[in-house]
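Notes follow once the structure below has been shown.
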2 protein chains.
Amino acid sequence: MVVDQLRESELDRLFQAFADPTRRDIVRRATVGEYTVSGLAALYAMSFAAVQKHVAVLERASLVTKEKRGREQIVRGNHEGLQKARRLLDEYEQIWRQRAARMADILAEG
Amino acid sequence: MVVDQLRESELDRLFQAFADPTRRDIVRRATVGEYTVSGLAALYAMSFAAVQKHVAVLERASLVTKEKRGREQIVRGNHEGLQKARRLLDEYEQIWRQRAARMADILAEG
DNA sequence: CTGATCTACAACCATTTGGTTGTACGTTAG
DNA sequence: CTAACGTACAACCAAATGGTTGTAGATCAG
């Protein structure tokens with residue numbers, strides 16, 4: 001069927017990005033405020049490079065953006081990725097509602 | 001901090017489960033109708049065992065349920081997992097709205 | 001009863017993931 | 001200018017992931 005190959009891998013990256021507690025925390029924080037990469041790194045019990053990788057994963061998933069400011073890199077939440085993830089889950093919710101509606105129909109005519 | 005360790009790994013499993021196109025497709029189909037494991041397996045260009053594993057991942061994430069019927073196993077969509085995933089993304093959306101509200105406040109008093 | 005079917009699960013393999021350390025390079029502070 | 005800082009990236013490693021084949025136990029059909 002090959003249903004929208006591009007969107008599929010985009011969704012893979014999105015949900016993969018959400019599937020890690022450190023990354024979810026980074027998204028939260030970077031949405032509330034502004035953080036440098038090392039500012040974020042200071043928050044977790046892992047190396048700077050590990051956090052840097054997490055940020056890179058989030059950036060590829062459009063869940064954060066990075067903006068260079070002098071020698072620092074400012075990390076901010078990016079609404080775009082979140083919206084896309086929510087849109088998919090909304091589709092699934094819609095499928096559930098249609099299913100419920102069909103059940104109701106069957107009961108009504110039965 | 002150890003914020004709700006249980007829920008965290010539950011969310012890991014949930015989003016990890018969504019991070020694969022075959023699994024997303026299985027959830028869709030199993031929500032619309034009923035499928036046996038081999039009925040699902042027939043739909044994809046991979047082995048029965050591979051599909052079986054995907055179903056197991058979805059089951060652990062509460063995105064589908066399995067019910068034994070004779071020698072068959074009926075796979076159905078499970079609303080529970082979807083709801084939990086949606087609830088998390090709604091939290092994140094809420095954070096965005098709060099952020100937007102704060103921005104508006106700053107502009108208003110400025 | 002016997003053979004085909006459906007499922008489960010183990011063992012294996014290649015690739016990806018999530019972490020590490022080390023090196024290099026631009027930028028800022030003193 | 002020089003030292004410290006912030007970042008990027010490569011190389012490496014262990015564990016997890018996504019796939020395979022093969023074996024075995026239930027259950028159903030003829």
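Naming: A, B, ... by sequence-line order, numbering from 1 per chain.
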Can you name the nearest heavy-atom pair linking [X] to [Y], along with the distance?
{"X": "Q73(B)", "Y": "E67(B)", "result": "OE1-C, 3.3 Å"}
{"X": "A85(B)", "Y": "F18(B)", "result": "CB-CE1, 4.1 Å"}
{"X": "V64(A)", "Y": "V55(A)", "result": "CG2-O, 4.0 Å"}
{"X": "T31(A)", "Y": "G77(A)", "result": "OG1-CA, 3.7 Å"}
{"X": "L82(A)", "Y": "L63(A)", "result": "N-CD2, 3.5 Å"}
{"X": "D12(A)", "Y": "P21(B)", "result": "OD1-CD, 3.3 Å"}

Nucleotides 11-24 of chain D: protein proximity per nucleotide (B base, S sugar-phosphate only, - neither; heavy atom, under 4.0 Å): B------SBBB---

Hydrophobic cluster (4.5 angstrom, side-chain heavy atoms) - remaining members for V32(B): I95(A)

Could you list the protein-to-nucleotides 1-5 of chain D atom pairs, N/O on both sides, closer than 3.5 Å?
{"residue": "dC5(D)", "atom": "O4'", "partner": "R71(A)", "partner atom": "NH1", "Å": "3.4"}
{"residue": "dC5(D)", "atom": "O2", "partner": "R71(A)", "partner atom": "NH1", "Å": "3.2"}

Separation of [N] [atom2] from [X] [atom1] (nearest whole Å):
{"X": "E67(A)", "N": "dG6(D)", "atom1": "CD", "atom2": "P", "value": "18 Å"}
{"X": "Y35(B)", "N": "dC6(C)", "atom1": "OH", "atom2": "C1'", "value": "18 Å"}
{"X": "L40(B)", "N": "dT5(C)", "atom1": "CG", "atom2": "C1'", "value": "16 Å"}
{"X": "L58(A)", "N": "dT17(C)", "atom1": "CG", "atom2": "C1'", "value": "14 Å"}
{"X": "I26(A)", "N": "dG18(C)", "atom1": "CD1", "atom2": "C1'", "value": "12 Å"}

Any Q52(A) side-chain nitrogen or oxygen under 4.0 Å from OP1 or OP2 of dC9(D): no

Phosphate contact (dG6(D) OP1 or OP2) by K68(A) side-chain N/O below 4.0 Å: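 Indeed not, no polar side-chain atom of K68(A) lies that close.
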
Terminal helix-axis angle for the helix from dC1(C)-dG30(D) to dG30(C)-dC1(D), with five pairs defining each axis and rounding to 10 degrees: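 One end's axis against the other's: 30°.
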
Pairs involving residues 84-93 of chain B, ordered by first then second residue, that meet side-chain hydrogen bond (donor to acceptor under 3.5 Å, both in side chains) (sequence neighbours left out):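 Qualifying pairs, neighbours excluded: R28(A)-E91(B), H79(A)-E93(B), R86(A)-D90(B), R86(A)-E93(B), D90(A)-R86(B), E93(A)-R86(B), R7(B)-E91(B), E10(B)-K84(B), E80(B)-K84(B), E93(B)-R97(B).
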
Summary of side-chain hydrogen bond (donor to acceptor under 3.5 Å, both in side chains) pairs that have at least one residue in residues 46-65 of chain B, sequence neighbours excluded: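 For residues 46-65 of chain B: R23(B)-H54(B).
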
Along DNA chain C (nearest heavy atom to each residue), the more 5'-positioned of V37(B) and G70(A):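 Nearest nucleotide further toward 5': that of V37(B).
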
Test salt bridge (Lys or Arg N to Asp or Glu O under 4.0 Å) applied to D25(A) and R29(A), step by step: CA-CA 6 Å; D25(A) 195 60; R29(A) 293 181 185 269; 2.8 Å; yes

Same apolar cluster (I L V M F W Y, side chains within < 4.5 Å links), F48(A)/Y35(A): yes

